[in-house]
Amino acid sequence: MEDESKLIKAAADGDDAAFEALVIRYQRDVVRTVRFTVSEAHVVEDLVQESFFRAFKSLRKFDTKRPFRNWLLTITLNVCRSYLRRRKVMQPWSNWLGGPLNSGSESDDRALLYDVLKAMTRLRYKDREILILHYVNDLTIQESADLLGIPVGTAKSRLSKALERLRGLLQHEDLFKTKEVTESGREAHRCSASPGSR
Amino acid sequence: MDGKRIGALLRRAADEVPELDPAQIMQSIRSRQEVRRRVARSAAVLAVTVALLLVFNTAPDVTSPPVAPEAPLPEYMVVVPDHSPYPDPLTYGYMIQMSLSQ
């Protein structure tokens, strides 16, 4: 986009308002990427700010022929990776979904949503990364591959394996819930995973 | 559950992620910039201080008093008696001190 190149150039020259316009345009993508990558809500703001700060510092080196969004997402993923490496203890996942989980088909859907998100946190980082880029950020396989610096075939294979592992985790969750229904004799919807299920 | 269904669920969850205030993000960037400027200023002051200390330590003639010139060395003459049976005047002769050279 021509107006985006002008914004980027102005921001690189020190125009705060231009950079703020970029923040407003892309903060949603960055926040979503961070939120899906790290499980703790209290660090999301810090990591988002760190991602934009690194982008701000490196803006002069940015090649305007490349898509800015993808470059920003690369920085965001690097920030998240550094954080996950530094973090010594696995933190419990904090849910951002609102709404009831207990009755009706809408809440069954929400419960499933909750299960999918919880299963995501139990995937290894590489699996989560490709799912987030393709489904959460709506990047094509080609764009995801370019961003990650891998061949398209590898990206496709990674995505397919990530989906398989996620399905496996969800099926295991279902089995666990089915066992509870049989034992208790009542329909109970438990959303906590059994320990050592990976 | 197929990939499309999982994708649809992930997108739904993504729509519910709360956004952050852009003004707060900008404020954070400005604060981090200010911290970097202060660190850079302190590093510059430290570098100048170290440089000045090195200058004063390695150039003593700049600040210490002038060193007196070395005193002239006395001159000696070897005197060997006539018909001395001893060939080495430095061992068996004697030396007299001449006056100090001007």
Side-chain angles (χ1 to χ4, degrees), chain A residues 14 16-17 19-36 41 44-57 95-99 109-110 112-120 128 131-132 134-138 159-160 162-164 166-167 170-171 174, chain B residues 1-70:
Chain A
D16 269 8
F19 193 75
E20 191 165 356
L22 291 169
V23 168
I24 292 169
R25 201 179 277 200
Y26 294 112
Q27 66 104 353
R28 207 167 182 205
D29 291 317
V30 173
V31 173
R32 285 176 182 189
T33 303
V34 172
R35 197 61 188 88
F36 274 84
V44 169
E45 200 170 318
D46 282 344
L47 297 182
V48 168
Q49 288 169 358
E50 177 65 23
S51 304
F52 277 112
F53 179 63
R54 286 196 196 181
F56 181 76
K57 275 193 306 178
N95 173 24
W96 70 83
L97 300 174
D109 244 13
R110 289 194 81 72
L112 184 57
L113 193 55
Y114 182 91
D115 286 345
V116 168
L117 291 175
K118 196 126 188 256
M120 278 277 284
R128 249 184 297 158
L131 289 171
I132 290 166
H134 187 60
Y135 291 115
V136 175
N137 293 118
D138 282 330
L159 182 65
S160 143
L163 281 171
E164 204 179 295
L166 188 60
R167 269 196 289 268
L170 289 168
Q171 276 168 8
D174 280 342
Chain B
M1 197 188 302
D2 66 357
K4 278 189 182 165
R5 179 93 168 106
I6 289 176
L9 286 168
L10 289 175
R11 285 184 190 107
R12 258 189 71 191
D15 287 340
E16 297 201 28
V17 171
E19 291 182 18
L20 295 180
D21 180 9
Q24 224 168 329
I25 295 172
M26 289 305 295
Q27 180 55 41
S28 153
I29 290 174
R30 286 183 200 111
S31 308
R32 286 166 199 244
Q33 266 186 296
E34 183 52 39
V35 165
R36 281 180 85 210
R37 275 189 214 117
R38 268 191 233 142
V39 167
R41 268 196 298 261
S42 304
V45 165
L46 185 64
V48 166
T49 308
V50 167
L52 284 172
L53 281 171
L54 284 172
V55 161
F56 281 121
N57 281 339
T58 56
D61 56 344
V62 171
T63 54
S64 51
V67 174
E70 282 180 17

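Chain letters run A, B, ... following the sequence lines, proteins first and then strands; every chain starts at 1.
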Between CG of A:L113 and CD of B:E16, what distance do you get to the nearest 0.5 Å? 6.5 Å
So if I take each residue of residues 20-28 of chain B and look for any heavy atom under 4.5 Å from a heavy atom in chain A, which residues do I end up with? B:L20, B:P22, B:A23, B:Q24, B:I25, B:M26, B:S28
Given that the side chain runs from C-beta out, which part of A:F56 has a heavy atom under 4.5 Å from chain B: side chain, backbone, both or neither? side chain
Among A:I24, A:L166, A:N137, A:V23, who wins on heavy-atom pairs under 4.5 Å with chain B? A:V23
Sort out for me which of A:L131, A:D138, A:I132 touches chain B most, counting heavy-atom pairs under 4.5 Å. A:D138
Assess whether side-chain contact (heavy atoms from CB on, under 4.5 Å) is satisfied between A:L112 and B:R5, documenting all intermediate values. CA-CA 11 Å; A:L112 184 57; B:R5 179 93 168 106; 3.1 Å; yes
Looking at every heavy atom in both A:F36 and B:L10, which two are closest together, and how far apart are they? CZ-O, 3.7 Å
So which atom in A:F19 and which in B:I29 form the shortest heavy-atom distance, rounded to 0.1 Å? CE2-CD1, 3.3 Å
Close approach to chain A in residues 32-51 of chain B, criterion heavy atom under 4.5 Å: B:R32, B:Q33, B:R36
Contact class of A:Q27 relative to chain B, heavy atoms under 4.5 angstrom: side chain
Please flag which part of A:E164 lies under 4.5 Å from any non-hydrogen atom of chain B: side chain, backbone, both or neither. neither
